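Because the structure is predicted, anything quoted here is derived from the model rather than measured. Keep in mind that the numbers below use all heavy atoms, side chains included, and drop hydrogens, waters and symmetry copies.
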Amino acid sequence: MEKTWAISGAGAGADLHLDLTGPGGVRASLIRALRDAVRTGRLAPGTRLPASRTLAADLGLARNTVADAYGELVAEGWLTARQGSGTRVAPRAAPGAPERRSPVPRTRPRPVYDLRGGTADVSAFPRAAWLTAARRALAAAPAEAFGHVDERGRVELRTALADYLSRARGVRADPERIVVCAGFTQGLALLSRVLRERGTRELGVEAYGLWFHHEALDRHGLRTSPLTVDESGARVEELERRKGLRAVMLTPAHQFPTGVPLHPDRRAAVVDWAVRTGGLILEDDYDGEFRYDRQPVGCLQGLAPEHAVYFGTASKSLAPGLRLAWMVLPEHLVGDVVRLKRAGEWSSGALDQLTLAELITSGAYDRHVRAMRLSYRRRRDQLVDALAAHAPHIRVTGIAAGLHAVLSLPPGTEQDTVRAGAWEGLALEGLSRFRQGPTAGEEGLVVGYATPPSHAFEGALSALLRVLPAG
């Protein structure tokens with residue numbers, strides 16, 4: 001679609017025709033259109049852009065779509081954002097001025113501090129333990145390990161995972177029902193295709209979640225039906241009112257991003273729904289090992305293993321760059337998932353799988369998880385204490401768990417705070433970014449306290465305190 005946007009100020013009276021079609025969806029198209037308008041001079045340096053709410057209304061878009069586009073262009077240097085003066089086109093060299101060329105291609109500037117949620121402290125990756133495990137695994141590997149990998153993954157890793165998940169997360173796992181994937185998204189895509197083949201057209205999801213998971217479902221022909229999320233997690237009773245719905249994806253141990261666990265009554269209710277209707281629960285246990293105020297809550301899959309798919313990953317416990325995740329499947333789904341994976345899907349490297357298996361069986365994985373649990377708990381405590389001392393009007397919501405916390409903000413301040421953070425070199429994400437659909441909700445920040453390396457956390461925390469709205 002092509003939209004016309006009239007602006008005033010520098011470049012007053014100009015009508016900008018923004019083509020919002022193209023690859024990547026509306027958000028990516030808006031970023032390209034605004035970037036081109038700045039590059040070609042249709043938006044002059046110093047031009048003040050409309051507030052995200054105003055431009056969203058003019059273009060008929062969601063406000064967070066426009067706010068995300070502004071934030072992306074601020075990070076790239078096309079726009080500037082300062083609290084109190086709005087978002088403006090960044091100054092640049094005058095036409096005809098000699099261009100300063102970098103000896104290497106320019107890349108997107110990285111923030112000084114990154115507090116976006118959902119990422120582990122990759123600087124704490126256990127290099128020595130991984131190297132030791134890799135040497136042992138390589139020495140013990142049979143020759144056939146260097147051939148084609150079984151679509152389910154190496155049996156050594158599946159066996160190690162079956163034992164670990166049983167004792168650590170209460171999963172009822174058998175190595176033959178585990179499929180190792182190159183990341184959670186690959187597993188979700190495979191399962192989506194199987195469900196689509198079996199006639200599923202719609203999947204229940206939590207109204208808050210990662211947009212690229214919902215996009216993955218959509219790409220494979222599954223509509224998403226959002227369930228309300230409150231202080232007790234997803235309102236699973238809504239499943240009963242949606243005729244024909246037979247599958248739901250949940251984060252029951254620690255809802256992402258709101259940080260609440262699924263209430264015990266709702267856990268029982270959703271298991272009862274699945275067994276009674278022949279439904280399927282997709283359980284994303286993305287950070288279930290990290291609970292700080294009590295022992296981690298066991299998984300749902302252990303209550304109904306033939307009606308639940310358990311998703312786990314090494315992304316939070318070790319590092320996302322390993323591209324190692326796993327599904328524990330009901331017996332009736334294993335064959336179809338393996339068949340689709342065999343038909344062209346990539347597999348994680350055999351040596352990495354063997355190394356992770358050795359790390360688990362040797363006990364080094366448990367030791368690393370315990371160490372990171374202590375480190376992340378200290379960071380969360382430091383964040384809570386700093387807010388109590390310097391911004392007592394900002395409330396931390398959700399349980400003491402995981403790699404992120406949600407900071408509740410006064411109404412109307414979320415997007416300004418995210419932009420102020422960008423001005424300070426601080427990467428932040430607002431709670432509204434994770435809300436599916438146009439439904440209004442509370443405003444807040446999703447603060448990934450695990451993301452910065454240890455030496456940078458105090459600086460990141462100080463920068464955060466500077467940009468929070470006054471009480």
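In this structure, the separation between CG on Leu222 and NE2 on His214 is 12.0 Å, given to the nearest 0.5 Å. One finds the NE2 atom of His307 at 13.5 Å from the CG atom of Leu300 (value rounded to the nearest 0.5 Å). Residue Lys341 holds its NZ atom at 11.0 Å from CZ of Arg152, rounded to the nearest 0.5 Å. To the nearest 0.5 Å, the span separating OG on Ser408 from CD on Glu443 amounts to 9.0 Å. To the nearest 0.5 Å, the span separating NE2 on His263 from CZ on Arg235 amounts to 13.0 Å. Taking OH of Tyr376 as the reference point, atom CG of Leu383 lies at 15.0 Å (rounded to 0.5 Å).
If you run side chain to side chain contact (heavy atoms under 4.5 Å, CB included) between Val248 and each of Leu280, Leu282, Leu203, Leu227, only Leu227 comes through.
Ion pairing between Glu429 and Arg116 fails under the 4.0 Å rule for side-chain N and carboxylate O. Looking at Arg169 and Asp285, a side-chain N of the basic residue comes within less than 4.0 Å of a carboxylate O on the acidic one, giving a salt bridge. Using a 4.0 Å cut-off between charged side-chain N and carboxylate O, Arg373 and Glu289 make no salt bridge. Salt bridge Asp121/Arg379: present, at least one basic N to carboxylate O contact under 4.0 Å.
The environment of CZ in Arg242 is crowded: more than 12 heavy-atom neighbours from other residues, nucleotides or ligands sit within 6.0 Å. In this structure, Glu458 places its CD atom where only 12 or fewer heavy-atom neighbours from other residues, nucleotides or ligands lie under 6.0 Å away.
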Between Gln415 and Ser432, is the side-chain hydrogen bond (donor to acceptor under 3.5 Å, both in side chains) condition met? List the steps. CA-CA 9 Å; Gln415 298 304 326; Ser432 63; 3.3 Å; yes
Before giving the answer on side chain to side chain contact (heavy atoms under 4.5 Å, CB included), spell out for Thr87 and Arg48 the whole-Å C-alpha distance, their side-chain angles and the decisive distance to 0.1 Å. CA-CA 6 Å; Thr87 303; Arg48 181 167 181 168; over 6 Å; no
Steps toward side chain to side chain contact (heavy atoms under 4.5 Å, CB included) verdict (Glu283, Val309): CA-CA 6 Å; Glu283 181 176 12; Val309 176; over 6 Å; no
Could you go step by step and tell me if Val179 and Glu151 meet the side chain to side chain contact (heavy atoms under 4.5 Å, CB included) rule? CA-CA 7 Å; Val179 174; Glu151 288 81 7; over 6 Å; no
Residue pair Glu414, Thr417: steps toward the side-chain hydrogen bond (donor to acceptor under 3.5 Å, both in side chains) verdict: CA-CA 5 Å; Glu414 179 185 299; Thr417 304; over 6 Å; no
Phe184/Phe311 under ring pair (Phe, Tyr, Trp, His ring centres under 6.0 Å): CA gap, chis, key distance, verdict: CA-CA 7 Å; Phe184 171 86; Phe311 288 88; 4.9 Å; yes
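Relative ring orientation between Phe256 and His404 is described as perpendicular, the plane-to-plane angle rising above 60° on a 0-90° scale split at 30° and 60°.
Partners of Tyr292 under the ring pair (Phe, Tyr, Trp, His ring centres under 6.0 Å) rule, at least two apart in sequence or in another chain, do not exist in this structure.
The nearest pair of heavy atoms linking Val396 to Ala405 is CG1-CB, 4.0 Å. Taking both residues in full, the closest heavy atoms of Leu30 and Thr65 are given as CD2-O, 4.4 Å, listed atom of the first, atom of the second, then distance. Across all non-hydrogen atoms, the minimal contact from Ala182 to Ser348 is CA-OG, 3.5 Å. Of all heavy-atom pairs spanning Val171 and Cys299, the tightest one is CG2-SG, 3.5 Å. The shortest non-hydrogen separation linking Ala216 to Thr185 is CB-CG2, 4.3 Å. Of all heavy-atom pairs between Leu461 and Ala386, the closest is CD2-CB, 3.8 Å.
The list of side-chain hydrogen bond (donor to acceptor under 3.5 Å, both in side chains) pairs with a residue in residues 187-199, not counting sequence neighbours, reads Arg193-Glu345, Glu197-Arg339, Arg198-His332, Arg198-Asp336.
Contact annotation: the side chain of Pro452 never approaches that of Asp114 to less than 4.5 Å [non-hydrogen atoms, C-beta and beyond].
For the pair Arg433 and Trp211, the cation-pi test (distance below 6.0 Å, angle within 45°) is passed.
Listed for the Glu206 side chain is no donor-acceptor partner under 3.5 Å among the backbone atoms of Gly209.
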